[in-house]
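Since the structure comes first, as structure tokens, the remarks are kept for the end.
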Amino acid sequence: IVGATGRRTGFTTHEEGTTTHTFAQGGVDDFAWTADPRFIEQVHTFSASRDVTPEEYAGTARLVGRSLDEVKLTDVEIRLLVQPIHLPQASRYIESVKAAIKWFGLWYGRYPYATLTVADPAPEGGEAGGMEYPTIITGGTSFVLNRWPLAGLRVVEQVTVHEFGHQFWYGLVASNEFEEAWLDEGFNSFSTAEALDRTYGADRSVVDIPGLRLGTLTLARMQNAPRLLPQRVRQLAWSYPEGYGFHTYTKPELLLRTLQRLLGEETMARVMRTYHERWRFRHPSSDDFYAVASEVSGRDLTWFFRQAVEGSEVLDYEVSRVSVRRVPAREGWFEGPEGAALEKAPEDDAAGPTTWRSTIVVRRRGGFVFPVQIPLKFEGVPGERVSWDGRDPFTQLVFDRSERLEWAEVDPDRTMVLDVDWLNNARRVTPDTRAAARWTSHWWFLVQQAIAAIGW
């Protein structure tokens, strides 16, 4: 059983027992083939009319600012070559690759080829898994994922969608992965996460098993930490002393998610669509993407790319201190409209209105400068926000008012997905023990159940 780039145009069996398979495909920059007598071949069709709803076409046209005709897709023949031991996962391969054809095609432009082959490597050939070539990709899985609940580990789906994504970010937009790897792997990681979240749910697109759900954003952020050796995203792939995977896959995904939240979903969708359309079947560089992003968004984004891609600065803002203290009544001579006047503090300290001085210190812990919003909540009144350009090492906010501060936060909308630590983004004046009590009760319940189960 043979699979290869393109469509099979010939099949000849010779008298000596050999067979010649002929495949042909135009408009590609590479060729690959696979053969295994154990493959079980399944042929499916991605239908542009049945697998995409009219609402999805209309919604995408509005999102990317294109006509319905421009976002319409075409049918694709899918050949799945699956190992017998993985046959229970065949439907997962097909479901995920159809989702990839749909969402990548809707967002960036239709898949231009008539065929796609998905090859499932044999267990002893795992190193061939997770690879991409024009119109043929290899999957990656294990027989332990055949059954529930481990079927909730979306390894098949992640690998399949990611490798299909390389049909776009490498195959169609052919940047130099050796010198600017993030334009392939990073863009594809971002796009893969978007497709998985849309298909399976943002809170469970990676893991969905009893007691544990995990989405792509959480998985990516788990890999981002201040302890990492800070390096540039745009650098030669072979020049990383360590952290190649993070700086070419994960950090680009996080910085593109940050850009998406900074610009808004619609603007980001149009940036990505325009970039792909303009550079399909060409060889762009990072500078070409910067130009498209600034052009489509109508904003000079040099400051962002200079730090996020060209620099190695860490992005981390924190609320480092909040405090509230009572302001004593004024006592002494003070200038007023009618000249100096003597003010005396009341003998009873509780008499008269009370003024509270609330102090908030927000700190920039890394070198990455980003404009931030700082919401504040005072007791008994609606919340309010303060803007800060984030340039100085810190800012101190002081309020003298009759309401006491309850809490302060930085970046409440979580725009800064690239921020290395969200746990330091908020601080309360007084502790709130409700969450700790709830989790303590939950874990003690589990301990009790475990003890009961073993008969203690």
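Positions are given from 1 along the sequence. Both backbone and side-chain heavy atoms feed into the values below; hydrogens, waters and symmetry mates do not.
- Heavy-atom minimum distance, V429 versus L405: CG2-O, 3.3 Å.
- A donor-acceptor contact under 3.5 angstrom links the side chains of D300 and T302, judged on distance only.
- Remark: R282 is positioned above the aromatic ring of W279, its terminal NZ or CZ atom under 6.0 angstrom from the ring centre and at most 45 degrees off the axis.
- The residue from W169, F190, F187 that alone fulfils the ring pair (Phe, Tyr, Trp, His ring centres under 6.0 Å) condition with Y108 is W169.
- Nearest heavy-atom pair, Y133 versus Y170, reported as atom, atom and distance to 0.1 Å: CA-OH, 4.0 Å.
- Across every non-hydrogen atom of A220 and T250, the tightest pair is O-CG2, 3.5 Å.
- Nearest heavy-atom pair across L153 and R92 is O-NH2, 3.1 Å.
- Inspection of the N188 and S191 side chains reveals no N or O donor paired with an N or O acceptor under 3.5 Å.
- The cationic atom of K72 (NZ for Lys, CZ for Arg) lies less than 6.0 Å from the six-membered ring centre of Y57 and within 45° of the ring axis.
- Side-chain contact check for R66 and T274: at least one donor-acceptor pair (N or O, by modelled atom type) lies under 3.5 Å.
- Donor-acceptor pairing under 3.5 Å is recorded for the side chains of Y93 and D120.
- Checking each of W103, F104, W107 against F168 for a ring pair (Phe, Tyr, Trp, His ring centres under 6.0 Å) leaves exactly one that passes, namely F104.
- Of the N and O atoms on the side chains of T216 and R257, at least one donor lies less than 3.5 Å from an acceptor on the other residue.
- For the residue pair Q89/T141, the side-chain donor-acceptor check at 3.5 Å is satisfied.
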